[in-house]
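Only one structure is covered here, and it is reproduced in the block below.
Note that the coordinates shown come from a computational prediction; the quantities given were computed from them, not determined experimentally. Below, chain A is the first sequence line, B the second, and so on; all start at residue 1.
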Amino acid sequence: MDKTAIAKKPVVSVNRAKRSPFYYPLKALTYVILLGGAIVFIFPFFWMISSSLMTLGETITRQILPKVPQWVNYQEAWNQAKFSKYFINSVLVTLGTLTGLLITSILAGYAFGRMDFKGKNILFGLFLATMMIPESVTLIPNYLMIRGSIIPLPGGTWLNTYWALTIPFIANAFSIFLLRQFFAQIPKELWDAARMDGADHLRFLIQVVLPISKAPIMTVLLFGFTGSWNAFQWPLLVTTKDTWRPIMVGLWSFVTEAGPQTHLLMAGAVISLLPILLIYFLTQKQFTQGIATTGLKG
Amino acid sequence: MTEATISVKPKKSGSSLHRLQTKEQISAYLFVLPAFIVILVFGLFPIGYSFYMSLFNWRVTKGSFVGDKNYLLIFGSWTNLLITIVGILLIIGAFWLWSNAFKSLKKGEQIAKLVAALVMIIGGVIFITGWGQMYDSGNKSFLNSLIITLYYALGTVPAEVILGMILAFMLYQDIIGKEVFRMVYFLPYVTPSVTSAVVFQIIFSLRETSIANGVIGFFGISPQKWRFEPRPIINLLGADFAGFLAGPSLALVSIMLYGIWSFVGYNTVIFLAGLGNIPKETYEAAEIDGATKFDMFRNITMPLLSPTTFYLTLIGFIGTFKAFNHIYVLRTPSAGDSVITTSLLIFDQFYKANQYSVATAQAIVLFLVILGLTLAQNKLMGERVFYG
């Protein structure tokens with residue numbers, strides 16, 4: 001706003017004259033508030049990292065920094081506190097979920113965006129309706145389903161299995177909607193040309209559509225990743241043993257089972273945050289824009 | 001190219017064209033099938049099955065059919081619910097009348113306002129009567145949880161929206177390090193809620209040396225029990241209120257502070273996007289007309305941002321009714337019911353108490369409450385929104 005005002009020459013003198021008494025104090029106040037806000041937002045992270053490097057004694061007396069950084073805490077959290085197991089579980093669950101999610105949402109997004117079939121609009125409306133339903137409503141029937149109480153499942157029950165953590169999340173209406181919007185905008189001429197060359201829908205999708213759809217696919221992957229990595233309520237319900245406990249449930253159970261070991265807990269918290277931070281910093285712009293334009297958290 | 005395809009088609013016989021279309025139909029269904037199965041089984045089927053379950057006496061395994069008994073356990077009787085809903089509708093109607101009297105009527109404004117005020121009072125009385133009867137004969141912990149959720153929503157959403165707007169407006173000026181600020185503000189939102197809630201567990205612990213006690217100690221306030229304090233915050237300040245007038249407990253306020261911390265950055269980013277959509281020419285024109293910065297904020301920025309504000313308020317309210325992870329992590333046994341929002345109550349009812357059918361009935365009521373809130377907000381606020 002200021003930039004454009006200054007760029008327009010006739011306005012400058014008026015501006016300067018009018019704004020001069022308050023301009024610098026206001027600017028200073030703005031910085032003070034912005035910096036104050038930044039400190040409030042960043043402090044818990046700083047404190048988390050700092051106490052993850054303290055001794056247990058130091059976490060109890062209010063210290064800001066450890067005397068000697070205890071890197072061994074991370075080793076202990078990773079090995080003894082089983083965060084390695086939880087971490088690997090989460091990686092596997094996330095990879096499985098993302099693979100399934102990509103396949104189902106690309107195919108369905110393409111069909112809804114570029115193909116004609118009977119009942120298309122009704123089906124799409126049904127899909128979208130699932131986005132409005134709170135988890136509390138679907139949670140209990142889904143639990144019974146996974147327990148094998150509604151229909152018989154191979155292996156009897158899926159509680160404490162890899163399937164329970166992945167299968168319910170390998171498709172969602174949001175990803176399909178996002179890709180449909182993009183696929184529908186691809187010019188019809190491309191499809192006509194491909195069809196002249198004898199391509200069918202699947203080949204057109206793989207050879208033409210996918211290479212130009214990197215951005216929306218990336219958004220789907222980002223949301224899928226955060227959703228899967230941050231999952232808590234559902235895994236809490238369907239895992240009772242360490243075998244398939246993902247990282248967030250592991251972190252929570254460490255609080256309740258291991259007693260007050262703040263230094264190890266904070267080391268575990270840092271470990272659970274690292275992959276998300278890494279992806280956030282690497283894809284910062286896309287991450288922020290993806291959320292700003294779609295307005296949803298994964 | 002289009003011509004070419006058209007010219008090809010007539011040469012084919014009708015049946016082969018038909019076959020081509022059928023083939024396309026089949027492949028389309030095959031494309032949708034994998035997603036359809038998953039969404040049908042885990043997204044659509046559970047809605048119907050939840051309702052089905054709520055009609056039985058279902059504890060771990062299915063019991064006898066009980067009809068509307070699980071719903072009556074919540075409300076006491078359908079009449080109670082009906083009275084309460086009529087009260088709410090009257091209040092909404094009065095509010096609508098009030099805001100419309102401002103707009104359209106010139107002469108009848110006073111009368112319309114008087115009528116609206118009267119309707120609102122009547123609606124309020126009816127609502128309180130219905131609610132009181134429900135409270136006497138229905139499920140107290142469920143109705144309490146709705147009030148806790150409402151406290152939580154009222155304590156977080158307006159603060160998040162206002163702080164988000166202020167920060168976004170400041171960041172929109174000529175600021176050095178704009179990108180860095182935005183990244184830092186957004187960080188709490190990106191952080192997994194269990195991770196940050198675990199950190200806030202320690203920050204709001206009852207130790208005298210906890211960070212929260214350190215901060216209030218700096219202002220000369222004696223150490224508090226934070227997440228472990230079931231007493232209403234207003235009682236801690238010295239006033240002697242009881243019941244719902246007393247407001248949220250300190251434990252709930254701790255969770256609210258966490259909620260605000262984690263959500264302000266999201267609102268900031270969305271407001272920044274909203275500010276970016278306001279044409280610069282509008283400000284330039286106003287500046288030439290001699291408008292001050294405050295005038296511009298009041299008369300240009302605020303109205304043009306109102307769709308964003310509306311959207312964020314709606315998302316925020318619905319979010320608080322769905323919120324689970326951080327409340328689950330931050331609650332303590334000693335805070336008792338004072339932090340149990342509806343979604344937590346439903347989860348406990350199911351997971352701890354094994355009352356499957358009671359929990360599903362409550363979940364369906366929660367869903368209807370969310371739906372009603374969305375519609376009411378659309379009606380009340382939607383009309384005031386200025387869609388440039």
Are the side chains of B:Leu366 and B:Lys322 in contact, using a 4.5 Å heavy-atom criterion? no
Counting only heavy atoms closer than 4.5 Å, note whether B:Leu187 contacts chain A via side chain, backbone, both or neither. both
Interface moiety of A:Thr130 toward chain B, non-hydrogen atoms closer than 4.5 Å: side chain
Need one label for B:Leu163: side chain, backbone, both or neither, based on atoms under 4.5 Å from any heavy atom in chain A. neither
Derivation and outcome, side chain to side chain donor-acceptor pair (under 3.5 Å), residues A:Ser272 and B:Thr195: CA-CA 7 Å; A:Ser272 76; B:Thr195 305; 2.8 Å; yes
Between B:Phe200 and chain A, with a heavy-atom cut-off of 4.5 Å, which part of the residue counts as in contact: side chain, backbone, both or neither? side chain
Can you tell which of B:Leu275, B:Val184, B:Leu171 has the highest number of heavy-atom pairs within less than 4.5 Å of chain A? B:Val184
Tell me, side chain or backbone of A:Met248 under 4.5 Å from chain B's heavy atoms, or both, or neither? both
Heavy-atom cut-off 4.5 Å, strictly under: side chain, backbone, both or neither for B:Val180 against chain A? neither
Do A:Arg195 and A:Phe204 have side-chain heavy atoms sitting under 4.5 Å apart? no
Are A:Ser105 and A:Ile176 side-chain neighbours, meaning at least one heavy-atom pair lies under 4.5 Å? yes
Heavy-atom pair count under 4.5 Å with chain B, highest-scoring of A:Ile279, A:Ile167, A:Ile247, A:Leu139: A:Ile167
Can you say whether B:Ile370 sits under 4.5 Å from chain A via the side chain, the backbone, both, or neither, judging by heavy atoms? side chain
Under a 4.5 Å heavy-atom cut-off, does chain B meet the side chain of A:Phe254, its backbone, both or neither? neither
For A:His201, all residues meeting ring-ring contact (aromatic ring centres under 6.0 Å, His included), sequence neighbours excluded: A:Tyr110, A:Trp191
Please state whether the side chain, the backbone, both or neither of A:Leu123 comes within less than 4.5 Å of a heavy atom of chain B. side chain
Sort B:Leu167 into side chain, backbone, both or neither according to what part of it lies under 4.5 angstrom from a heavy atom of chain A. both
Shorter than 4.5 Å, heavy atoms on both sides: which option in B:Leu33, B:Leu30, B:Val60 has the most such pairs with chain A? B:Val60
Please classify the contact of A:Leu277 with chain B as side chain, backbone, both or neither, using a heavy-atom distance under 4.5 Å. side chain
If I measure from the heavy atoms of chain B, does A:Asp200 come under 4.5 Å with its side chain, its backbone, both, or neither? neither
Examine whether an atom of A:Leu126 lies under 4.5 Å from a heavy atom of chain B, and if so say whether it belongs to the side chain, the backbone or both; otherwise answer neither. both
Side chain, backbone, both or neither of A:Val255 within contact of chain B (heavy atoms, under 4.5 Å): side chain
Which region of A:Leu236, side chain (C-beta onward) or backbone (N, CA, C, O), has a non-hydrogen atom less than 4.5 Å from a non-hydrogen atom of chain B, or is it both or neither? both
Quick one: what part of A:Ser149 sits under 4.5 Å from any heavy atom of chain B, side chain, backbone, both or neither? neither
Is A:Ser175 reaching over with its side chain to a backbone N or O of A:Ala171, donor-acceptor style, under 3.5 angstrom? no
If I measure from the heavy atoms of chain A, does B:Ser210 come under 4.5 Å with its side chain, its backbone, both, or neither? backbone
At a heavy-atom separation under 4.5 Å, does B:Phe181 approach chain A through its side chain, its backbone, both, or neither? side chain
Selection from A:Ile170, A:Leu144, A:Thr61 maximising heavy-atom pairs under 4.5 Å formed with chain B: A:Leu144
Region of B:Met53 in contact with chain A, defined by heavy-atom distances below 4.5 Å: side chain
Relative to chain A, which segment of B:Tyr328 carries a heavy atom at a distance below 4.5 Å: side chain, backbone, both, or neither? both
So what's closer than 4.5 Å to chain B heavy atoms on A:Ile146: side chain, backbone, both or neither? side chain
At a heavy-atom separation under 4.5 Å, does B:Phe350 approach chain A through its side chain, its backbone, both, or neither? side chain
Given heavy-atom pairs under 4.5 angstrom as the criterion, report whether the side chain, backbone, both or neither of A:Lys118 touches chain B. both
B:Ile176 atom CD1: more than 12 heavy-atom contacts under 6.0 Å: no
At a 4.5 Å cut-off on heavy atoms, which part of A:Ile106 comes close to chain B: side chain, backbone, both, or neither? neither
Ignoring hydrogens and angles, tell me if any N or O in the side chain of A:Arg114 forms a donor-acceptor pair with the backbone of A:Phe183 under 3.5 Å. yes
Heavy-atom distance under 4.5 Å to chain A: side chain of B:Gln201, backbone, both or neither? side chain
Proximity of B:Phe204 and B:Tyr258 rings by center, below 6.0 Å: no
Looking at B:Ile175, B:Ile47, B:Ile203, which makes the most heavy-atom pairs under 4.5 Å with chain A? B:Ile175
Applying a strict 4.5 Å limit to non-hydrogen atoms, the region of B:Phe347 in contact with chain A is side chain
Ring centers of B:Trp261, A:Phe45 separated by less than 6.0 Å: yes
Interchain contact, B:Phe321 with chain A, by part (heavy-atom threshold 4.5 Å): neither
Scored by heavy-atom pairs under 4.5 Å with chain A, the best of B:Tyr52, B:Tyr356, B:Phe51 is B:Tyr356
Answer yes or no: is there a side-chain heavy-atom contact under 4.5 Å between A:Leu179 and A:Phe112? no
For the residue pair B:Phe186 and B:Tyr266, is the inter-centroid distance of their aromatic rings smaller than 6.0 Å? no
Side chain proximity check, B:Phe42 to A:Thr138, heavy atoms < 4.5 angstrom: no
Which region of A:Ile133, side chain (C-beta onward) or backbone (N, CA, C, O), has a non-hydrogen atom less than 4.5 Å from a non-hydrogen atom of chain B, or is it both or neither? both
